[in-house]
Amino acid sequence: MMFAATARASVLAARTQVWRQGARVASTAAAGEASPSSPARLTAAGTAATAVAIGSAAWYWHLYGSEVYGMTPAEEGLHPPKYQWDHQGWLKTFDHQGLRRGFQVYKEVCAACHSLSRVPWRALVGVTHTVDEVKAMAEECEYDDEPNDVGEIPKRIGKLSDYIPDPYPNEQAARAANQGAYPPDLSLMVKARHGGCDYIFALLTGYPDEPPAGAQVAPGLNFNPYFPGTGIAMARVLYDGLVEYDDGTPATTSQMAKDVVQFLNWAAEPEMDQRKRMGMKVLIVTSILTALSIWVKRYRWAPIKSRKLVYNPPCK
């Protein structure tokens, strides 16, 4: 019996060995037969995938990539030219003397119609004026105080914590004083208009002496090619010598426009200088940390990447 079991086990082992060798030979032959066509198939698949990706991108651009204009060029207005503003450079800051002149232009010219309701008096301290100068300007204005015992609201002089007052008590009064047009607030005007500083500068200096031939301007409006629709309710407000700068700078139309635009840019972005300073600190610290991480990585991985592995097969 033991001899029969041993023989039967030997036969099964031999059959298993023969089956394994046959399967290995079959898989090797199949791989050999498929290998010549594998590179061609991979190339065809890659080419097809690339063509599909390019076609999808082209179709998407055809549907959504082209620029869409909500207005005709005449309705949109002339695009302003690109000016080189010094304070917009990466390593540049506001010209604080120019900011002081720009606030003077706003106070003597623009403040008659436009508000600056998001700028408090205290924001001007150390930027355009000293503390005493800003206090004196704030005390020239009157603000509503807390109600008294009988419910009346008395007036008080302004403080540094107050915001620059509006020229009109409400929107209805502003429209009534400007033939139905509502002068917008200038606190965020540079950020609210496409073109920013370029647009406002071109608008202030773009009034021609006479409208061009064929231009149709509605009654009560003034022609300005940079304003959407070319008809603007605001007439030209800047003329040579309109203000007298404290530092003796010639008050030309372009100089006043440049100064007030720079001041409005500061009003919309008073943190710009601090943001650029912090950005430079971040870049410096990040560069140092990147260099240190690269050095530590090379130092820690050098023994592993430079080691040599040798395989010694066992002796038969």
query: Which heavy atom in P228 sits nearest to a heavy atom in Y199, and how many Å separate them?
result: CD-OH, 3.8 Å
- request: Check whether more than 12 heavy atoms from other residues, nucleotides or ligands sit under 6.0 Å from atom NZ of K276, and answer yes or no.
  value: yes
Distance-only side-chain donor-acceptor flag, T252 / D240, under 3.5 Å: no
query: Which residues pass the side-chain contact (heavy atoms from CB on, under 4.5 Å) test with A173, sequence neighbours left out?
result: Y168, P169, N170
task: Tell me whether Y239 is reachable from L204 by hopping between hydrophobic residues (I, L, V, M, F, W, Y) whose side-chain heavy atoms are closer than 4.5 Å.
output: no
field: Side chain Q262, main chain G102, donor-acceptor under 3.5 Å
entry: no
query: Can you tell me how far the OG1 atom of T128 sits from the CD atom of E133, to the nearest 0.5 Å?
result: 8.0 Å
Show me the side-chain donor-acceptor pairs of residues 290-303 shorter than 3.5 Å, one per line, residues at least two apart or across chains.
from, atom 1, to, atom 2, distance (Å)
T290, OG1, T286, O, 2.7
S293, OG, L289, O, 3.2
S293, OG, T290, O, 2.7

field: Pair E142 + R156, salt bridge at N-O below 4.0 Å
entry: no
query: Any ion pair linking R175 and E171 (charged N to carboxylate O, less than 4.0 Å)?
result: yes
query: Where do W85 and V261 land on the side-chain contact (heavy atoms from CB on, under 4.5 Å) test, with the steps shown first?
result: CA-CA 10 Å; W85 298 95; V261 166; 3.6 Å; yes
- request: Using the test side-chain contact (heavy atoms from CB on, under 4.5 Å), find all partners of R277 that sit at least two apart in sequence or belong to another chain.
  value: Q274, K281
task: If the plane angle is over 60° it's perpendicular, under 30° parallel, otherwise tilted; pick one for H87 and F94.
output: parallel
Could you tabulate the donor-acceptor pairs under 3.5 Å formed by side-chain atoms of residues 45-56, not counting sequence neighbours?
from, atom 1, to, atom 2, distance (Å)
T47, OG1, T43, O, 2.8
T50, OG1, G46, O, 2.8
S56, OG, V52, O, 2.8

field: Ion pair E139/K159, N-O distance below 4.0 Å
entry: no
query: Which atoms form the tightest heavy-atom contact between C141 and W121, and what is the distance?
result: SG-CZ2, 3.9 Å
- prompt: So, for E108 and V243, which heavy atoms are closest and what is the spacing to 0.1 Å?
  reply: OE1-CG1, 3.3 Å
- request: Tell me whether I232 is reachable from F223 by hopping between hydrophobic residues (I, L, V, M, F, W, Y) whose side-chain heavy atoms are closer than 4.5 Å.
  value: no
- prompt: To the nearest 0.5 Å, what is the distance between NZ (K135) and OG1 (T130)?
  reply: 10.0 Å
message: Nearest 0.5 Å, please: how far is CZ in R193 from CG in L188?
response: 10.5 Å
Test item: side-chain donor near acceptor, D273 and T93, under 3.5 Å: no
With K92 via salt bridge (Lys or Arg N to Asp or Glu O under 4.0 Å) - residues at least two apart: none
message: For L116 and L264: C-alpha separation, side-chain torsions, deciding distance, then whether side-chain contact (heavy atoms from CB on, under 4.5 Å) applies.
response: CA-CA 9 Å; L116 205 65; L264 293 179; 4.3 Å; yes
message: Taking CZ in R118 as the centre, count heavy atoms belonging to other residues, nucleotides or ligands within less than 6.0 Å. Is the count above 12?
response: no
message: Quick check: is L242 connected to M234 through a chain of hydrophobic side chains (ILVMFWY, heavy atoms under 4.5 Å apart)?
response: yes
query: Can you name the nearest heavy-atom pair linking G206 to P208, along with the distance?
result: O-CD, 3.2 Å
message: Check this for me: Q216, atom CD, are more than 12 non-hydrogen atoms of other residues, nucleotides or ligands nearer than 6.0 Å?
response: no
- request: Would you indicate whether the side-chain heavy atoms of V260 and M256 approach each other to under 4.5 Å?
  value: no
- request: Enter the distance from T230:OG1 to N222:CG here, rounded to the nearest 0.5 Å.
  value: 11.0 Å
field: Minimum side-chain heavy-atom gap F263-V105 below 4.5 Å
entry: no
- prompt: Do side-chain atoms of D259 reach the backbone of R101 as a donor and acceptor pair under 3.5 angstrom?
  reply: no
field: Pairwise distance CG(L203) to CG(D198) - rounded to 0.5 angstrom
entry: 12.5 Å
Test item: M189 and P184 side chains (from C-beta on) under 4.5 Å apart, heavy atoms: yes
Close aromatic pair by centroid cut-off 6.0 Å: F201 and Y83: yes
message: Distance check, rounded to the nearest 0.5 Å: L186 atom CG versus I200 atom CD1?
response: 7.5 Å
- prompt: When you measure from the side chain of N178 to the backbone N and O of G180, does any donor-acceptor pair fall under 3.5 Å?
  reply: no
task: Please examine the side chains of P81 and Y226, heavy atoms only from C-beta on, and report whether any two atoms are closer than 4.5 Å.
output: yes
query: So which heavy atom on P313 is nearest to which on Y311, and how close?
result: CD-O, 3.5 Å
message: Between K155 and D145 (salt bridge meaning N to carboxylate O under 4.0 Å), is one present in this structure?
response: no
Check: Q104 side chain, E244 main-chain N or O, donor-acceptor pair, under 3.5 Å: yes
task: Determine, step by step, whether L160 and V131 satisfy the side-chain contact (heavy atoms from CB on, under 4.5 Å) criterion, reporting the C-alpha distance in whole Å, the side-chain angles of both residues, the deciding distance to 0.1 Å, and the verdict.
output: CA-CA 9 Å; L160 290 178; V131 177; 4.3 Å; yes
query: Does a donor on one side chain and an acceptor on the other come within less than 3.5 Å for D185 and S117?
result: yes
query: Under 6.0 Å between the ring centres of F103 and H129?
result: yes
query: Residues in salt bridge (Lys or Arg N to Asp or Glu O under 4.0 Å) with D86, at least two apart?
result: none
field: Residue pair K258, C197: steps toward the side-chain contact (heavy atoms from CB on, under 4.5 Å) verdict
entry: CA-CA 9 Å; K258 175 186 176 182; C197 295; over 6 Å; no
message: Any non-hydrogen side-chain atom of R100 less than 4.5 Å from a side-chain atom of D247?
response: no
query: Would a 4.5 Å heavy-atom cut-off, applied to side chains only, mark M280 and L91 as touching?
result: yes
message: For C113 versus P167, what's the shortest heavy-atom pair and its separation?
response: O-CG, 3.4 Å
- prompt: Cluster question for you: counting only ILVMFWY and a side-chain heavy-atom cut-off of under 4.5 Å, with indirect links fine, are V237 and L221 together?
  reply: no
- prompt: With a 4.5 Å limit on heavy-atom distance, are the side chains of K107 and M137 in contact?
  reply: yes
query: Between V119 and Y163, is there a shared hydrophobic cluster once you connect ILVMFWY residues whose side-chain heavy atoms come closer than 4.5 Å?
result: no
